[in-house]
Each structure stands twice: as C-alpha cells, then as structure tokens.
Amino acid sequence: DETIFDGYIFVGVFLVFHALTFTVLEAFCVSQFGNTPGKALMGIRIRNIIGSRLSFRSSLKRSALAMLAGMGLGIPLISLITQFICARTLSEDGYVFWDRVDSLQYQTQVVGARRWIFALVIYIVCRTLELAMNYL
C-alpha cells in the first residue's frame, strides 16, 4: 500500500528520522576521525581548544546545534533562512554559533586542484546515479 508514503505525517517522520540519523552519524565521524568525509576531502579537521579530537558527547552537541540552528532541522523554508543567517554570521564574525559554544577550532589546509576535481567527479557520479535510480 503506497498511501503510507503520502501525507504530512510521513514527511514529518522522515524529517525527524533524517535529522536524528544525520546528527548521530556526523557526531560519530567527527569524534572518531576528526572530520566527515566531505571535510576530509576539503582538508578540514575539527578540534577542541587544546587541539585534540572531540569527544562523542561534545561532537553530538555540536552536530545537534548545527542541525537545529544551521540547517533548521531540514525543514525547507526554515532551513533556507537559518543557512542565510549562519552564512552572514560566518562572513562577518568568522565563526558560527555551534562552534563558538565549546570554543571549537578548525584546522584547514590549502585545497589543491586535484581535490577540487576529485570532489567534482564524485558529485557528478552521485548525481548521475541518483538520476539513473529515478528512472528504474
């Protein structure tokens, strides 16, 4: 029965499930590896004030605040507004709210042309697979 996938209740449950899954997976990656795959590709590491990896608890707190304040829980219009506000805050102040709470710091390196090309190829492959899956 496909009617279970229609309606506002399904969309609401999906958004909550997506937000919780994203938050926990990102927290796990940051606490275990110091970054996520995308951050690793762009040469970014997240560290605490003394320069070590975040604990899972601290990482979970950061991810939850980022999901709430930075991505508006994935709710379309709210997400657009929160992302605009955070982008403006980052450009003006040099930090975002959820990283300032625990005095977190980012360690970055110059991203060379190879990494940008690799990221672009991965993006194109993922989009192509997504489009192909929609036609199956």
Side-chain angles (χ1 to χ4, degrees):
D1 186 21
E2 292 186 19
T3 58
I4 197 166
F5 296 113
D6 292 336
Y8 294 114
I9 293 175
F10 175 75
V11 171
V13 169
F14 177 79
L15 286 174
V16 169
F17 179 74
H18 178 266
L20 289 174
T21 303
F22 172 83
T23 301
V24 171
L25 286 176
E26 184 191 34
F28 174 78
C29 286
V30 170
S31 67
Q32 294 301 308
F33 309 113
N35 54 23
T36 60
K39 287 178 180 63
L41 182 62
M42 292 293 121
I44 300 170
R45 299 183 79 70
I46 302 170
R47 299 294 186 192
N48 61 18
I49 196 74
I50 59 172
S52 61
R53 284 192 313 232
L54 276 61
S55 66
F56 181 75
R57 182 179 178 157
S58 178
S59 183
L60 187 62
K61 178 181 174 183
R62 178 195 171 277
S63 295
L65 288 172
M67 176 56 75
L68 178 66
M71 292 187 275
L73 296 174
I75 301 169
L77 185 58
I78 295 171
S79 179
L80 180 65
I81 293 167
T82 58
Q83 288 175 11
F84 175 77
I85 291 169
C86 289
R88 194 178 79 196
T89 302
L90 180 62
S91 67
E92 290 175 0
D93 300 336
Y95 63 89
V96 286
F97 160 72
W98 54 90
D99 289 332
R100 193 54 140 190
V101 169
D102 286 336
S103 299
L104 302 180
Q105 59 184 344
Y106 285 84
Q107 296 174 342
T108 61
Q109 60 187 11
V110 177
V111 180
R114 281 190 200 173
R115 285 186 186 221
W116 280 108
I117 291 169
F118 184 66
L120 184 61
V121 168
I122 288 176
Y123 175 77
I124 291 170
V125 167
C126 288
R127 292 294 293 166
T128 303
L129 289 173
E130 179 185 3
L131 290 171
M133 296 300 283
N134 284 334
Y135 288 110
L136 292 180

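Below, each value reflects all heavy atoms present in this structure, side chains not excepted, and no hydrogens, waters or symmetry copies. Source: prediction; values computed, not measured.
Contact detail for S31 and S59: the closest heavy-atom pair is N-OG, 3.8 Å. When all heavy atoms are compared, the tightest approach of D102 to S58 is OD2-OG, 3.6 Å. Between A27 and S63 the shortest heavy-atom distance is N-OG, 3.4 Å. Of all heavy-atom pairs between C86 and G70, the closest is SG-CA, 3.8 Å. Here the closest heavy-atom approach between residue W98 and residue A69 is recorded as CZ3-C, 4.1 Å. Across R53 and F33, no two heavy atoms sit closer than the pair CD-C, 3.8 Å.
With contacts defined as side-chain heavy-atom distances shorter than 4.5 Å, the pair N35/V30 does not qualify. Residues I78 and L73 form no side-chain contact, since every pair of their non-hydrogen atoms from C-beta on lies 4.5 Å or further apart. Using a 4.5 Å heavy-atom threshold, the side chains of Y106 and R47 count as separate. Under the 4.5 Å side-chain criterion, counting only non-hydrogen atoms from C-beta, T23 is in contact with L60. In this structure the side chain of I49 never reaches within 4.5 angstrom of the side chain of Q105, judged on heavy atoms. The closest side-chain heavy-atom distance from I46 to L54 is below 4.5 Å.
Open room surrounds CZ on F118; 12 or fewer heavy atoms of other groups in view lie less than 6.0 Å from it. Counting non-hydrogen atoms of other residues, nucleotides and ligands closer than 6.0 Å to CZ of F14 gives a total of 12 or fewer. The 12-atom threshold is exceeded at CG of L120, counting heavy atoms of other residues, nucleotides or ligands nearer than 6.0 Å.
Here the OG1-CE distance, from T82 to M67, works out to 10.0 Å after rounding to the nearest 0.5 Å. Interatomic distance, CG of L90 versus CZ of F97, reported as 14.5 Å (0.5 Å rounding). Distance check, rounded to the nearest 0.5 Å: CD of Q107 to NZ of K39 gives 14.0 Å. With values rounded to the nearest 0.5 angstrom, L129 atom CG is found 12.0 Å from I124 atom CD1.
Residues forming a side-chain hydrogen bond (donor to acceptor under 3.5 Å, both in side chains) with Y95 (at least two apart in sequence, or on another chain): none. In terms of the salt bridge (Lys or Arg N to Asp or Glu O under 4.0 Å) criterion, R45 has no residue partners (sequence neighbours excluded).
Residues in residues 118-128 take part in these side chain to side chain donor-acceptor pair (under 3.5 Å) pairs, two or more places apart or across chains: R127-E130.
In the hydrophobic cluster analysis, where Ile, Leu, Val, Met, Phe, Trp and Tyr join through side-chain heavy atoms closer than 4.5 angstrom, L20 is grouped apart from V13.
Looking at S79, its side chain does come within 3.5 Å of a backbone N or O of M71 through a donor-acceptor pair.
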